[in-house]
Amino acid sequence: MNRTTWKSPLAVSAAAALSLAAAISTLHAQAAGDPQKEVDAAYAKFKGLKEGKNADYIPALAKVDPNLFGIALVTVDGKVYTAGDLKTEVSIQSISKVFTMAQVIQEQGLDAIEKRIGVDATGARFNSIIAVEAVKTVVGTGAPEMNPLVNPGAISATSMVTGSSADAVWNKIIGFHNDAAGRQLSVLQDVYKSESDTNQRNQAIGALMLAYGYIKSNWQQAVDLYTRQCSIGVNAKDLATMAATLAASGKNPVTGKQVMDAAKVPGVLAVMATAGLYDDSGKWLYHTGLPAKSGVGGGIIAVSPGKFGIAVISPPLDDAGNSVRAQRAIADISNALGGNPYAPKRTN
Ligand code: DON
């Protein structure tokens with residue numbers, strides 16, 4: 001008797017019942033509304049919204065069409081719902097911080113990020129130097145109180161990606177982003193050049209992080225690779241697929257590839273919930289309950305764990321540096337679909 005394939009009739013019916021229950025609960029998880037209807041409604045509602053202003057501290061970002069508006073939602077079973085512009089790529093910017101952090105967590109474990117950088121909100125803007133000063137003495141003397149989604153922590157996380165050369169490190173970073181997006185991404189060279197010419201503040205942060213022991217060596221390489229990762233070009237569907245990979249416990253629901261271990265994903269989502277929209281993260285979480293991440297290119301990704309990933313691209317930003325239309329559209333769509341994990345839509 002083949003012990004690995006034999007199942008008693010009872011076990012077979014128990015297994016069938018379990019998979020039926022799983023199928024029903026998946027259906028319940030995803031059937032709380034009509035995603036295409038909600039995506040279309042949000043597109044129509046916010047298309048004319050003119051609040052906010054493109055980021056201009058990187059000259060190339062000021063030139064992006066402020067009317068660009070694309071929405072994509074990808075469910076954990078790989079269904080894709082879209083509206084608006086899905087072709088135009090913007091630079092991923094700070095959204096890349098999530099995936100570089102995730103890669104370090106995947107390779108080195110949750111502890112590595114928590115012990116070296118910390119997973120606490122800083123309460124300061126993304127490129128605050130005062131925040132570095134406030135916690136500068138911590139490495140080696142206590143728990144660090146930074147996080148990998150603000151620049152000091154993000155540049156440090158980039159420095160933690162291992163590799164024998166800058167190219168080797170870069171291939172790992174872009175490879176992880178590619179796997180999460182489900183296609184080969186590339187760097188928008190005009191943005192990379194524009195930010196490299198103007199990133200003296202991040203260079204100062206990189207040097208400080210070396211001085212305080214967060215970065216172990218070669219801060220210049222870390223800042224350069226960080227600048228490159230921020231310049232990766234993505235469209236709304238790429239971003240939504242990346243978010244859906246996190247929603248589906250690390251498995252890209254479109255390609256089926258397990259990009260990171262399921263057990264490590266909740267740590268990534270926790271940092272997103274804590275600091276993904278910088279000093280407005282608490283307000284965002286209060287209204288949506290969704291771990292999310294914004295970028296100054298105008299993208300925001302948000303994750304409804306076990307349900308869907310959603311992304312919106314719209315360049316004009318509010319004072320905190322988060323896309324105005326993206327915040328409004330994601331909140332509306334997710335709340336209509338019962339995406340808030342703290343307030344799931346009742347199905348009975
Ligand atoms: O570090 C920077 O200035 C940018 N490349 C990334 C900033 C960013 O996206 C912050 N976002 N909300």
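Just so you know, ligand 1 is whichever comes first in the structure, and atom 1 is the first atom listed for that ligand.
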Is there a donor-acceptor pair closer than 3.5 Å between any side-chain N or O of Lys307 and the backbone N or O of Ser334? no

Among Met146, Arg201, Met209, Lys97, which residue satisfies the side-chain contact (heavy atoms from CB on, under 4.5 Å) criterion with Asn151? Lys97

Ligand-side contact atoms (ligand 1) for residue partner Ser294, heavy atom cut-off under 4.0 Å: 12 (N)

Under 3.5 Å donor-acceptor, Arg183 side chain and Asn178 backbone: no

Quick one: does Asn202 get a heavy atom under 4.0 Å from ligand 1? yes

What part of Glu195, side chain, backbone, both or neither, has a heavy atom within less than 4.0 angstrom of ligand 1? side chain

For ligand 1, is there an N or O atom under 3.5 Å from any N or O atom of Lys97? no

Using a 4.0 Å heavy-atom threshold (strictly under), name the region of Asn199 that reaches ligand 1: side chain, backbone, both or neither. neither

With rounding to the nearest 0.5 Å, note down the distance linking CG in Leu277 to CG in Asp318. 8.0 Å

Taking both backbone and side-chain atoms of Gln93, is any N or O found less than 3.5 Å from an N or O belonging to ligand 1? yes

N or O contact, Tyr226 vs ligand 1, cut-off under 3.5 Å: yes

With respect to Val296, determine whether any N or O atom, backbone or side chain, lies less than 3.5 Å from an N or O atom of ligand 1. yes

Under a 3.5 Å cutoff, is there a donor and acceptor pairing between the side chains of Lys293 and Asn322? no

Angle class for the Phe126/Tyr57 ring planes (parallel below 30°, perpendicular above 60°, tilted otherwise)? tilted

Nearest to atom 2 (C) of ligand 1 by heavy atom, Tyr57, Tyr192, Tyr278: which? Tyr57

Under a 3.5 Å distance rule, please check whether Arg325 uses its side chain to pair with a backbone N or O of Pro316 as donor and acceptor. no

Near Gly321, which atoms of ligand 1 are under 4.0 Å from a heavy atom of that residue? 12 (N)

Nearest protein heavy atom with distance in Å, relative to atom 10 (C) of ligand 1: Ser94 OG, 2.8 Å

Decide side chain to side chain donor-acceptor pair (under 3.5 Å) for Tyr192 and Asp224; before the verdict, give the C-alpha distance in whole Å, the side-chain angles of both, and the deciding distance to 0.1 Å. CA-CA 9 Å; Tyr192 176 49; Asp224 177 52; 2.5 Å; yes

